[in-house]
Novice: 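Pasting in a structure now, in structure tokens, and then I'll have a few things to ask.
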Amino acid sequence: MCTINAPKVGLKRLETVWFQVTGTLCNLQCTHCFISCGPKNKTHEMLTVDTVRWYLKEASTLGVKEFYFTGGEPFLHPQIADIISETLNYGPATVLSNGTLITDAVAQTFSQISRNSKHKLEFRISLESPIEAENDQIRGNGSFQRAVKGVQALLYVGFNPIITTDDWTKYGKFAKETDADFRSLIGTLRAPQLRLKKLPLVLLGRCAELIRPYHEDERVTGKCFDNFDINNLQCATSRIVTSKGVFVCPILINDTKAWMGWTLKESLKPYTMESPACYTCRTSGLTCKNDDSVSYETRLSQNDEEVKVIEKETVRKSVNKFYSTAAAHTQKELCCPTNYDSADLSHIPQEVLNISYGCGSPMTLAQIESGESVLDLGSGGGVDCFIASKMAGDRGRVVGIDMTDQMLIRANASRESVAKKLGFDNVLFIKGFLEEIPLTNECIDVVTSNCVINLSDQKEKVFREIFRILRKGGRFVISDIFSERDVPLFMKQNTKLWSECISGAITEVEFVNKIKAMGFYGLEVINRYPYKKVEGFQFYSITIKAYKFNKSKECEYKGQYAIYKGPFSFVSDDDGHTYPVGTPVEVCTDSAWKLSNPPYKGMFIVSDIQNLDVGKPCGPECC
């Protein structure tokens, strides 16, 4: 492909720093290791904590964004926990491991370190194949089972490690290896998703002995970059620290020509791409960073699907039993972290207030108007429905759905009393599940819930159901408990914590991503309060509002313009349109409708349709 005439690659900016933290010392002796690591290889020595600390400080002065730790095997280092804890003061960190030394105790230690840091900690675990015999053929007998146990330990405390595998397809080594096999493996471990990173084989070290060395024509020249930006190579943004100084990249720490200096500052000079490994980087687009890992939802076998149904029913039964008891006896640990407005409660019996469990009533924040139809999910004793009843008035209607018979009995027992005080009866309580709302399509103006959705283990189904029953332009206002970080498996398996709105909590980012994927827009975070810490994890009471919109088939550009009124210099909507203040922007009929209605109503001046003839169509990328 290319004749030998090695180009130079300059350092565009130093973004990532790697540490060969255990040198070339490893507990395994893999037959494909390109730097020939093993139990007796001391070509590169372990880095001390002080050495790592010195380079971290230098890296911070150079604007480095993230750090990676490799080996050898990093968990052989007796002070690896201290090293990672120190690193997380400077930025996100990733540990690359074969997983065989990660015990439950080790995982717990790093979970605690992660909780105490503002930066993210990731793990990458190497497996050559999802099939035990194939993996052990390369990595040694027993390595597969030990690595799987390491992955399980990390999953249990809340990490979702990236699985790293080499691409053997070019050399016909493992014909059975597919992404689906890895998905099946990770699915059996109850991981939320498979995060898979495939790397090309680098024909150096033992790998050259196992497969073959590079051919003479497998080199890069300037011609190789005629249609490729050389700055996309990892060596344009990265360096690795070893006991022998700084090298250009993790692959070339045994190549003296790749030595760049003793300090990071010295290493900022260009590198001449003479190594044949550079050919692999160029032709495969290789990056050793996490950037190109691919995520898949895990798929379960038929038997696993049965287990999933059993788990779903277990969660439902546990929650149902818990709140059946709470209907009869007040549970103080469930009491709301925010208070109701006394004016909203004047018509509601005290026995209803005694069994009010939530994290902040969404009703006032929902701005319910007279005549609107309201659905409250997980209505419990009925307090939020009764608040909404007064707001919706005699022309409106309020429906409460709950799966707990005892709660429905208590709510219906107070219905007559509330109706008598208000002078009208517009409330109906129905037995049902959040995932299967027993109402027809597009029949509700406002959906509310008060610390209920996190009790479901099928949140996507809940969001789909909310979208289904809302009318065009309808809104949901949800008050719920959210976690600062992903809740670990050991907490999710605690049925008491699940019923107390802790174990089922998701992060704000995950919530936002899910509702946007459903088609909701105009999201607003209305309230956010600290709730409590459990097992070192911070939880928040948050109220969020968003609106429903279905793109119409007749959407076109018909000469309508929108002018943003201010006060910001510009704003952007959910569809990616940008509106500078005071500047007319042509919009399609769907966007014009959105900007003329809540939550954007009053922020824009939207002109009438100017072109009554057929306009140009609005594409799917528009809105």
Side-chain angles (χ1 to χ4, degrees), residues 18-47 68-80 94-103 106 123-151 153-154 161-168 170-174 177 182 185 197-214 240-244 247 249-256 258 275-277 280 286 288:
W18 291 66
F19 290 92
Q20 194 77 17
V21 68
T22 48
T24 43
L25 188 65
C26 187
N27 62 316
L28 302 182
Q29 189 158 311
C30 303
T31 59
H32 72 322
C33 183
F34 55 80
I35 52 175
S36 303
C37 294
K40 298 180 180 180
N41 188 341
K42 295 185 179 180
T43 304
H44 290 270
E45 301 286 345
M46 285 190 183
L47 297 176
Y68 290 79
F69 290 82
T70 186
E73 170 50 51
F75 285 100
L76 283 173
H77 201 298
Q79 294 175 290
I80 188 63
T94 298
V95 180
L96 284 70
S97 170
N98 59 44
T100 61
L101 300 179
I102 301 175
T103 62
V106 169
F123 292 91
R124 282 192 5 212
I125 306 299
S126 297
L127 286 171
E128 290 317 307
S129 169
I131 300 168
E132 182 174 357
E134 293 183 348
N135 179 87
D136 289 1
Q137 180 183 336
I138 300 297
R139 293 185 167 268
N141 291 335
S143 60
F144 181 86
Q145 287 297 334
R146 285 181 286 152
V148 168
K149 287 181 180 178
V151 172
L154 291 172
I162 298 169
I163 303 300
T164 302
T165 188
D166 289 295
D167 187 356
W168 295 87
K170 184 177 178 181
Y171 305 101
K173 190 72 176 173
F174 301 138
E177 183 180 306
F182 274 109
L185 169 65
K197 181 177 177 67
K198 284 191 174 182
L199 295 170
L201 288 167
V202 178
L203 305 178
L204 300 176
R206 290 198 205 102
C207 193
E209 299 171 13
L210 178 69
I211 305 295
R212 64 167 175 82
Y214 283 100
I240 183 167
V241 174
T242 77
S243 61
K244 296 182 177 180
F247 286 74
C249 79
I251 296 172
L252 299 179
I253 62 168
N254 288 335
D255 186 343
T256 56
S275 171
T280 297
L286 168 64
C288 296

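These values consider heavy atoms only, across backbone and side chains, with no hydrogens, waters or symmetry-generated copies.
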Novice: Hey, does the side chain of Gln20 reach the backbone of Val241 with a donor-acceptor pair shorter than 3.5 angstrom?
Specialist: no

Novice: So, taking the atom named CG in Leu210 and the one named CD1 in Ile138, what distance separates them when rounded to the nearest 0.5 Å?
Specialist: 5.5 Å

Novice: Which heavy atom of Cys26 sits nearest a heavy atom of Gly72, and at what distance?
Specialist: CB-CA, 3.9 Å

Novice: Going from OG on Ser143 to CG on Asn27, what distance comes out if it is rounded to the nearest 0.5 angstrom?
Specialist: 9.5 Å

Novice: Under a 4.5 Å cut-off applied to non-hydrogen side-chain atoms, are Ile125 and Ile102 in contact?
Specialist: yes

Novice: With a 4.5 Å cut-off on side-chain heavy atoms, are Val95 and Val21 touching?
Specialist: no

Novice: The test is side chain to side chain contact (heavy atoms under 4.5 Å, CB included); show your working for Trp168 and Ile211 and say whether it passes.
Specialist: CA-CA 10 Å; Trp168 295 87; Ile211 305 295; 3.9 Å; yes

Novice: To the nearest 0.5 Å, tell me how far Lys198 NZ sits from Asp166 CG.
Specialist: 10.5 Å

Novice: Go through it in stages, so that I can follow the logic: the residues are Leu101 and Leu76, the test is side chain to side chain contact (heavy atoms under 4.5 Å, CB included), and I'd like the CA-CA distance, side-chain angles, deciding distance and then a yes or no.
Specialist: CA-CA 8 Å; Leu101 300 179; Leu76 283 173; 3.7 Å; yes

Novice: For Pro250 and Phe34, which heavy atoms make the closest approach, and how far apart are they?
Specialist: O-CE1, 3.9 Å

Novice: What heavy-atom pair brings Val151 and Pro161 nearest, and what distance separates the two atoms?
Specialist: CG1-CG, 4.1 Å

Novice: Is the closest side-chain heavy-atom distance between Thr164 and Leu96 below 4.5 Å?
Specialist: no

Novice: Answer yes or no: is there a donor N or O on one side and an acceptor on the other, between the side chain of Arg206 and the main chain of Thr31, under 3.5 Å?
Specialist: no

Novice: Mind checking the OG1-CD1 spacing from Thr70 to Ile240? Nearest 0.5 Å is all I need.
Specialist: 6.5 Å

Novice: Can you tell me how the ring of Phe247 sits relative to the ring of His44, calling it parallel under 30°, perpendicular over 60° and tilted otherwise?
Specialist: perpendicular

Novice: Go through it in stages, so that I can follow the logic: the residues are Thr43 and Ile253, the test is side chain to side chain contact (heavy atoms under 4.5 Å, CB included), and I'd like the CA-CA distance, side-chain angles, deciding distance and then a yes or no.
Specialist: CA-CA 10 Å; Thr43 304; Ile253 62 168; over 6 Å; no

Novice: Can you tell if the side chain of Thr280 reaches within under 4.5 Å of the side chain of Tyr214, non-hydrogen atoms only?
Specialist: yes

Novice: Does some side-chain heavy atom of Cys288 sit less than 4.5 Å from a side-chain heavy atom of Trp18?
Specialist: yes

Novice: Determine whether a donor-acceptor pair (N or O, by modelled atom type, separation under 3.5 Å) exists between the side chain of Thr24 and the backbone of Asn41.
Specialist: yes

Novice: Does the His77 side chain pair with the main chain of Leu47, one donor and one acceptor, at a distance under 3.5 Å?
Specialist: yes

Novice: For the atom pair CG (Leu127) and CD (Glu134), what is the distance rounded to the nearest 0.5 Å?
Specialist: 12.0 Å

Novice: Quick one, Leu203 and Pro276 - any side-chain contact, counting heavy atoms below 4.5 Å?
Specialist: no

Novice: Start with the C-alpha distance between Leu204 and Leu252, add both sets of side-chain angles, then the distance that settles side chain to side chain contact (heavy atoms under 4.5 Å, CB included), and finish with yes or no.
Specialist: CA-CA 9 Å; Leu204 300 176; Leu252 299 179; 4.1 Å; yes

Novice: For a quick check under 3.5 Å, do Glu73 and Asn98 share a side-chain donor-acceptor pair by atom type?
Specialist: yes

Novice: From Ile251 CD1 over to Ile35 CD1, what is the distance, rounded to the nearest 0.5 angstrom?
Specialist: 9.5 Å

Novice: Considering non-hydrogen atoms only, spot the tightest contact between Phe75 and Ser97 and give its length.
Specialist: CD1-OG, 3.5 Å

Novice: What pairs meet the salt bridge (charged side-chain N to carboxylate O under 4.0 Å, His left out) rule with one or both residues in residues 135-148, with sequence neighbours excluded?
Specialist: Glu128-Arg139

